[in-house]
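Since the structure comes first, as structure tokens, the remarks are kept for the end.
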Number of protein chains: 2
Amino acid sequence: MRKLRRHSEVPEATIHRLPRYLEKLKLLQAMGVEDVSSRQLAESLDIKASQLRHDFHYFGGFSRPGRPYQVGKLVPALETIIGVSEPQPVAIIGAGHLGQALANYANMDVQGFPVRGVFDANPRLVGLEIRGQPVRDMDSLEDVISQEGIRIAILTVPAPFAQAVTDRLVKAGIVGIVNFAPTDLKVPKTVAVRNERLAVGIMALSFKVKCILEGDCGVE
Amino acid sequence: MRKLRRHSEVPEATIHRLPRYLEKLKLLQAMGVEDVSSRQLAESLDIKASQLRHDFHYFGGFSRPGRPYQVGKLVPALETIIGVSEPQPVAIIGAGHLGQALANYANMDVQGFPVRGVFDANPRLVGLEIRGQPVRDMDSLEDVISQEGIRIAILTVPAPFAQAVTDRLVKAGIVGIVNFAPTDLKVPKTVAVRNERLAVGIMALSFKVKCILEGDCGVE
DNA sequence: CGCCGCCTGTCAACCGGTTGACACCCGATT
DNA sequence: AATCGGGTGTCAACCGGTTGACAGGCGGCG
């Protein structure tokens with residue numbers, strides 16, 4: 001990376017693609033691939049090569065011009081850009097099925113986001129072990145966050161509690177929240193929120209399905 | 001709805017907002033609200049009023065001009081557009097934590113997507129009851145899909161199995177797939193896929209968090 | 001009855017993101 | 001050494017989506 005422009009200039013759409021680049025590149029790395037051209041990489045991700053180059057262009061040169069990208073250099077560069085060059089501990093608030101699923105499913109540790117605290121208000125869940133992590137009482141929320149230096153929280157509590165929990169998180173020094181509750185959270189501008197609305201996905205799909213079934217899609 | 005244009009002409013971005021409109025409107029309906037202006041509705045969703053009107057404009061007139069929207073008419077109209085005017089039965093493939101979470105969490109029934117079949121290859125999960133639904137063996141996949149008339153499937157199996165399961169689903173007549181596996185699925189053009197990549201969300205957030213912590217965001 | 005405030009439908013300008021084109025660079029090969 | 005194939009960096013045109021502006025409709029009130 002030669003000249004790194006200010007992050008604020010990177011378009012939203014590009015940011016969302018970075019994780020996919022990293023994911024694929026790690027895969028290639030694990031397969032022992034050393035070089036990869038923009039065309040190869042783009043095709044495997046089903047996007048245009050010009051777009052990929054354009055995206056990388058925001059961060060300066062990843063390769064000597066005229067030569068393909070070197071996987072070994074790209075991976076750490078992307079990790080630095082995304083902010084996972086060193087592990088980012090996260091907390092999961094709400095140990096219901098979704099919370100548990102996230103702790104297991106996306107195996108967060110490998111992705112660079114080790115889970116360092118799982119919390120729930122339900123006394124019946126508190127004490128339960130998930131992946132070697134005890135489910136903690138909400139009382140200890142602030143303490144654990146500051147002790148572990150947690151910056152990112154994942155919210156998987158029922159919608160009615162989401163805002164109250166959020167307020168506590170913000171006070172405790174959390175800087176980023178992934179919100180799975182179907183509510184819009186109010187936070188100061190210094191906190192980033194990403195809403196992950198599961199229901200929207202299936203509804204958008206339903207629209208397209210209707211479209212297909214009615215032969216109303218332009219695809220004849 | 002007077003003149004309904006072809007669905008294919010509705011921009012992607014608008015489609016993704018429709019579910020949010022519906023969600024909010026249902027809420028208002030439950031509160032007994034009868035009329036709502038574009039400004040009120042837009043503000044509560046944190047978008048511009050002009051955009052909301054523009055979105056609705058794709059589907060013709062929802063109100064007599066000069067008068068606010070009538071919640072009672074908007075809700076069924078949106079339901080028809082999205083395709084949930086009558087329940088859309090869905091199947092969940094993969095009864096791990098994520099599959100279970102989805103069956104419970106987003107209470108699909110209320111959203112118009114009653115779960116009519118939960119499947120898993122793991123014999124230890126088969127037979128388990130989830131919300132009154134038995135977890136079924138994969139063998140019965142095709143039968144249940146055709147008997148229940150299921151059109152939409154939710155994929156929550158581990159990535160290595162995703163494509164194989166998808167092929168079976170397509171053959172069985174599934175038209176839409178919500179894919180939670182971190183893999184790109186290959187499907188015929190007559191099948192709609194929506195990828196729901198949980199890991200991308202947290203990484204995009206991490207980028208912004210880094211941004212905030214380094215004071216590199218334009219917001220001073 | 002006429003005016004006024006509020007509302008929607010509609011359009012045109014604007015903006016960000018995507019895409020194609022091309023200049024330039026490199027290593028291999030003849 | 002010159003050439004050739006394949007690669008990246010970069011830019012400008014293009015396109016879809018967003019936003020602001022405004023014409024016209026409706027009901028309430030003086």
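Protein chains get the first letters and strands the later ones, always in sequence-line order, with residue 1 at the start of each.
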Side-chain atoms of residues 166-183 of chain A: list all donor-acceptor pairs with protein atoms under 3.5 Å, sequence neighbours left out, distances to 0.1 Å.
from: A:Thr166; atom 1: OG1; to: A:Ala162; atom 2: O; distance (Å): 2.7
from: A:Asp167; atom 1: OD1; to: A:Gln163; atom 2: NE2; distance (Å): 2.9
from: A:Arg168; atom 1: NE; to: A:Glu142; atom 2: OE2; distance (Å): 2.9
from: A:Arg168; atom 1: NH2; to: A:Met138; atom 2: O; distance (Å): 2.8
from: A:Arg168; atom 1: NH2; to: A:Glu142; atom 2: OE1; distance (Å): 3.0
from: A:Arg168; atom 1: NH2; to: A:Glu142; atom 2: OE2; distance (Å): 3.4
from: A:Asn179; atom 1: OD1; to: A:Ala181; atom 2: N; distance (Å): 2.9
from: A:Asn179; atom 1: ND2; to: A:Ala181; atom 2: O; distance (Å): 3.2
from: A:Asn179; atom 1: ND2; to: A:Thr183; atom 2: O; distance (Å): 2.9
from: A:Asn179; atom 1: ND2; to: A:Asn195; atom 2: OD1; distance (Å): 2.9

N/O contacts under 3.5 Å, protein versus nucleotides 16-20 of chain C?
from: C:dG17; atom 1: OP1; to: A:Glu12; atom 2: N; distance (Å): 3.4
from: C:dT18; atom 1: OP1; to: A:Arg17; atom 2: NH1; distance (Å): 3.0
from: C:dT18; atom 1: OP2; to: A:Arg17; atom 2: NH2; distance (Å): 2.8
from: C:dT18; atom 1: OP2; to: A:Gln51; atom 2: NE2; distance (Å): 3.2
from: C:dT18; atom 1: O5'; to: A:Gln51; atom 2: NE2; distance (Å): 2.9
from: C:dG20; atom 1: N7; to: A:Ser50; atom 2: OG; distance (Å): 3.4

Could you tell me the separation between the [atom1] atom of [X] and the [atom2] atom of [N], rounded to a whole number of Å?
| X | N | atom1 | atom2 | value |
| --- | --- | --- | --- | --- |
| A:Arg67 | C:dG27 | CZ | C1' | 6 Å |
| A:Gln40 | D:dG7 | CD | C1' | 11 Å |
| A:Phe59 | D:dT8 | CZ | P | 17 Å |
| B:Arg53 | C:dC6 | CZ | C1' | 11 Å |
| A:Lys73 | D:dT8 | NZ | P | 15 Å |
| B:Leu41 | C:dC7 | CG | P | 13 Å |

Side-chain donor-acceptor distances from residues 36-43 of chain B under 3.5 Å, at least two apart:
from: B:Ser37; atom 1: OG; to: B:Arg39; atom 2: N; distance (Å): 3.4
from: B:Ser37; atom 1: OG; to: B:Gln40; atom 2: N; distance (Å): 3.2
from: B:Ser37; atom 1: OG; to: B:Gln40; atom 2: OE1; distance (Å): 3.3
from: B:Ser38; atom 1: OG; to: B:Arg53; atom 2: NH1; distance (Å): 3.1
from: B:Gln40; atom 1: OE1; to: B:Ser37; atom 2: N; distance (Å): 2.8

**OP:** Identify, with sequence neighbours excluded, every residue that meets side chain to side chain donor-acceptor pair (under 3.5 Å) alongside B:Arg131.
**Re:** B:Asn104
Original post:
So, is B:His57 near the phosphate of C:dG9, with a side-chain N or O under 4.0 Å from OP1 or OP2?
Top reply: no
**OP:** Ignoring backbone atoms, test whether A:Arg39 places a side-chain nitrogen or oxygen under 4.0 Å from the OP1 or OP2 oxygen of D:dG7.
**Re:** yes
Do any side-chain atoms of residues 148-155 of chain A form donor-acceptor pairs under 3.5 angstrom with protein atoms, and if so which ones, sequence neighbours left out?
none

Original post:
So, the side chain of A:Ser206 versus the backbone of A:Ile202: is there a donor-acceptor pair under 3.5 Å, distance only?
Top reply: no
Original post:
Mind checking what makes side chain to side chain contact (heavy atoms under 4.5 Å, CB included) contact with B:Val200, not counting sequence neighbours?
Top reply: A:Pro19, A:Arg20, B:Arg197
